[in-house]
Number of protein chains: 2
Amino acid sequence: MENREISKAVITRLPRYYRYLGELLESGVERISSNELSTRMKVTASQIRQDLNNFGGFGQQGYGYNVKYLYTEIGKILGIDRQHNLIIIGAGNLGQAIANYANFEKRGFIIKGMFDINPRLIGLVVRGIEIRGVDDLEQFIKDNDVQMAALTIPKTKAPEIADRLVNAGIKAIWNFAHVDLNVPDDVVVENVHLSESLMRLSYRVCSMQDRKKEEERKARGES
Amino acid sequence: MENREISKAVITRLPRYYRYLGELLESGVERISSNELSTRMKVTASQIRQDLNNFGGFGQQGYGYNVKYLYTEIGKILGIDRQHNLIIIGAGNLGQAIANYANFEKRGFIIKGMFDINPRLIGLVVRGIEIRGVDDLEQFIKDNDVQMAALTIPKTKAPEIADRLVNAGIKAIWNFAHVDLNVPDDVVVENVHLSESLMRLSYRVCSMQDRKKEEERKARGES
DNA sequence: TAGATTGTTAATCGATTAACAATC
DNA sequence: TAGATTGTTAATCGATTAACAATC
């Protein structure tokens, strides 16, 4: 069997399809055509069909897609049908926000533990999860079959902890620290760089302002 | 003057350049060539030069780029030299995490206020900022010249609040709710869909597992 | 001046969109 | 069967990379 590499752009869109299908499912819609979905999601129908056909033919000519079936299948593709054991390193507000987000557990992400360096936090309990010191890290990962770690610690500590996680056998890092991590090829890192996201917003709001001023100037007669 | 539209891909990369240049600056590096930067950032030198030249010629032949100058210029492009007045709607862990992230203020993002619907949170003070009820929203936005809002509330409440923000004159929404917002063309929305980010991580770790199993199978003789 | 490195044009690559035959 | 809509091939569009002349 040929190993068709799926493009990054497709993978980025997949969870959004999943979200929309979930909403359709909740509102009792049974079937949907690529065309109607395209209107709702503001993407082209062609793109939807192309994206889905990377993974197989989920639809039926003349009918469209069965919402429940497609929802389930995309869930499988995303690995949401499997269980992922997760730890959170960094029990500050961001770490706690993740721990408190109940929906994650619904989708197979089980938070096995929380860790922090700050001794004042160690021993506290968040959502039934005790905050531990990082000394226990390696042993805990082995004992609890942990594959994923969310890194919500300052950038100065992140590379060192990332190395320890990798050595302890972690396969995926959800990185919120403002630094790029160096990991082996078989460990995946998903970055959430909030400050970069905010800068993009800043860029866009500024260029929107500039454009408006430009238009106003033109409206008042060419400059 | 022609209004060259900058591609989204370029804007996505810009904050990352900014981060690397900031680190170089801190470590005392004065000048850098696109080639050396490309090695550090793991992108092509060609891409760096193309990206920068969307905004003007910041380098010098035979020399490279002056780190401090380029850092400042990218800051200007991103609008970080200007002041952005920000409010946070939703004073849960995520809202508090944002409020507590000091670096934002360093880059011109001033948190003017926090709001919540939960009466038990109203009146509490986070980082010197009092949490208010959403009744005050419109008045507060006008009084404090607020242009940006971070939405860290559940998806059920988000569309309604977004409408109110838009009507009150907000120009940019940093949306953490798991829903796509409908806003006029001149309002910009930057989405941070954490659950989608986690699903991408899940996809990637699963497909990595599959690939490994495939390889193992091949290594044990073709199946 | 010679060497280095940019700015920019041209070539390549990949992703998106359009079109349509296949088929439910 | 006729109509609808997919799956898939072909055409277009845009983004990335390569190459090199300009220039510090």
Side-chain angles (χ1 to χ4, degrees), chain A residues 1-17 20-21 24 29-74 77 200 203-204, chain B residues 1-17 20-21 24 29-74 77 200 203-204:
Chain A
M1 183 179 49
E2 182 197 10
N3 235 351
R4 308 232 300 95
E5 195 64 46
I6 309 294
S7 94
K8 218 183 163 185
V10 174
I11 297 162
T12 306
R13 289 191 289 267
L14 229 38
R16 188 156 177 264
Y17 293 135
Y20 271 83
L21 289 164
L24 287 166
V29 177
E30 260 181 34
R31 72 178 195 82
I32 195 154
S33 68
S34 59
N35 219 289
E36 204 194 321
L37 191 57
S38 93
T39 312
R40 287 176 188 256
M41 294 187 65
K42 289 170 189 158
V43 295
T44 64
S46 210
Q47 182 163 77
I48 294 174
R49 295 203 299 275
Q50 283 276 28
D51 283 353
L52 298 178
N53 277 91
N54 279 298
F55 305 97
F58 302 121
Q60 202 168 68
Q61 283 97 332
Y63 172 86
Y65 299 88
N66 180 287
V67 173
K68 187 165 190 184
Y69 174 67
L70 188 54
Y71 180 75
T72 311
E73 288 303 310
I74 295 181
I77 294 163
R200 281 192 284 277
Y203 171 86
R204 288 168 58 205
Chain B
M1 183 178 50
E2 182 196 10
N3 235 349
R4 307 233 298 96
E5 194 65 47
I6 309 295
S7 94
K8 218 182 161 186
V10 174
I11 298 160
T12 306
R13 289 191 290 267
L14 228 39
R16 188 157 176 264
Y17 293 136
Y20 272 82
L21 289 164
L24 287 167
V29 177
E30 259 181 34
R31 71 178 195 84
I32 194 154
S33 69
S34 58
N35 219 288
E36 204 193 321
L37 191 56
S38 94
T39 312
R40 287 176 188 254
M41 294 188 64
K42 289 169 189 162
V43 296
T44 63
S46 210
Q47 182 162 78
I48 293 174
R49 294 203 301 274
Q50 284 276 28
D51 283 353
L52 296 179
N53 278 91
N54 279 298
F55 304 97
F58 301 121
Q60 201 168 68
Q61 284 97 331
Y63 171 85
Y65 299 88
N66 179 287
V67 173
K68 186 165 192 184
Y69 174 67
L70 187 55
Y71 180 76
T72 310
E73 288 303 310
I74 295 181
I77 294 164
R200 281 192 285 278
Y203 171 85
R204 288 168 59 206

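Just so you know, these numbers come straight off a predicted model, no measurement behind them. Worth knowing before you read on, the calculation uses all heavy atoms, side chains too, and leaves out hydrogens, waters and symmetry mates. Proteins come first, then strands; the chains are lettered A, B, ... in the order of their sequence lines, and each starts at number 1.
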Report yes if some heavy atom in the side chain of [X] is under 4.5 Å from a heavy atom in the side chain of [Y]; otherwise report no.
X	Y	value
A:I6	A:L14	no
A:I74	A:F58	no
B:Y71	B:L24	no
A:L37	A:Y65	no
A:R13	A:Q47	yes
A:L70	A:I32	no

Shortest non-hydrogen separation from [X] to [Y] and the atoms involved:
X	Y	result
A:E30	A:Y63	O-OH, 4.4 Å
B:P15	A:R200	CG-CG, 4.1 Å
A:S38	A:T44	CB-C, 3.7 Å
A:I77	B:Y203	O-CD1, 3.2 Å

| request: Could you list where the contact with chain A starts and ends along DNA chain D, reading 5' to 3', using a 4.0 Å heavy-atom cut-off? | output: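 So the contact region on DNA chain D extends D:dA4 to D:dA10.
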| Just by distance, do the side chain of B:D51 and the backbone of B:I48 share a donor-acceptor pair under 3.5 Å? |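 No, because the side chain of B:D51 does not come within donor-acceptor range (under 3.5 Å) of the backbone of B:I48.
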| query | Base, sugar-phosphate, or nothing: which does B:T44 touch, judged by heavy atoms less than 4.0 Å apart? | reply |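 The answer is sugar-phosphate, as B:T44 gets under 4.0 Å only of primed atoms, P, OP1 or OP2.
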| How is B:S46 classified with respect to the nucleic acid when contacts are heavy atoms under 4.0 Å: base, sugar-phosphate, or nothing? |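 The residue B:S46 makes base contact.
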| field | All stems with DNA chain D, defined as three or more consecutive Watson-Crick or G-U pairs under 3.5 Å | value |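 Consecutive-pair runs (3 or more) involving DNA chain D: C:3-24 with D:3-24.
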| field | 5' precedence on DNA chain C between A:Y63 and A:V10 (nearest-nucleotide basis) | value |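 The 5'-side residue here is A:V10.
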| request: Between A:R13 and A:Q61, just flag the one whose closest nucleotide in DNA chain C comes earlier from the 5' side. | output: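 Counting from the 5' end, the first nearest nucleotide belongs to A:R13.
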| said: For DNA chain C, which residues of residues 29-42 of chain A approach it to below 4.0 angstrom with any heavy atom? | reply: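 Hits under 4.0 Å, by residue number: none.
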| field | Along DNA chain D (nearest heavy atom to each residue), the more 5'-positioned of A:Q50 and A:G62 | value |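 The answer here is A:G62.
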